[in-house]
Amino acid sequence: MTEKLLTLKEAAEVLGLSEEQIRRLVEKEAIPAYQIGGKYLRFKEEQILQLKSGYSKRPLPASGIE
């Protein structure tokens, strides 16, 4: 069974954030991301869904994602 990888756009849609907010959270290591070919960000679907359920219970980190 292979893990589904989400694009930046897909991860942003799942979390209800902009792509720029996702990039900033990745830079702060608040969201795990993987680079494909050195430049394309991908996200494991399972990890994003876990983050979504966790974020629904508490607010996202405020600094730097506005």
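The environment of CD in Q35 is crowded: more than 12 heavy-atom neighbours from other residues, nucleotides or ligands sit within 6.0 Å. Heavy atoms from other residues, nucleotides or ligands lying under 6.0 Å from CD of E46 number 12 at most. Within a 6.0 Å radius of OH in Y34, more than 12 heavy atoms belonging to other residues, nucleotides or ligands are found.
Side-chain atoms of E19 and K9, non-hydrogen and from C-beta on, do get closer than 4.5 Å to each other. Counting only heavy atoms from C-beta outward, the side chains of L5 and E45 never approach each other to under 4.5 Å. Looking only at side-chain heavy atoms (C-beta outward), L51 and P32 come within less than 4.5 Å of each other. Using a 4.5 Å cut-off on side-chain heavy atoms (C-beta onward), I31 and L15 make contact. Residues I22 and F43 meet the side-chain proximity criterion, which asks for heavy atoms closer than 4.5 Å. Side-chain contact between L25 and L17 is present, with at least one heavy-atom pair separated by less than 4.5 Å.
Under a hydrophobic clustering in which Ile, Leu, Val, Met, Phe, Trp and Tyr are joined whenever their side-chain heavy atoms come within less than 4.5 Å, directly or via other members, V14 and Y40 fall into different clusters.
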Would R23 and E20 count as a salt bridge (Lys or Arg N to Asp or Glu O under 4.0 Å) if you check the C-alpha gap in whole Å, the side-chain angles of each, and the deciding distance to 0.1 Å? CA-CA 5 Å; R23 282 189 194 96; E20 186 57 35; 3.5 Å; yes

Please determine whether side chain to side chain contact (heavy atoms under 4.5 Å, CB included) holds for the pair T7 and R42, giving the CA-CA distance in whole Å, both sets of side-chain angles, and the decisive distance to 0.1 Å. CA-CA 5 Å; T7 64; R42 293 293 183 265; 4.0 Å; yes

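Listed here is the closest heavy atom pair of S18 and Q21: N-OE1, 2.8 Å.
Atom CG in L6 sits 10.0 Å away from atom CD in E13 (nearest 0.5 Å). From Q47, atom CD reaches atom CD of Q50 across 7.0 Å, with rounding to the nearest 0.5 Å.
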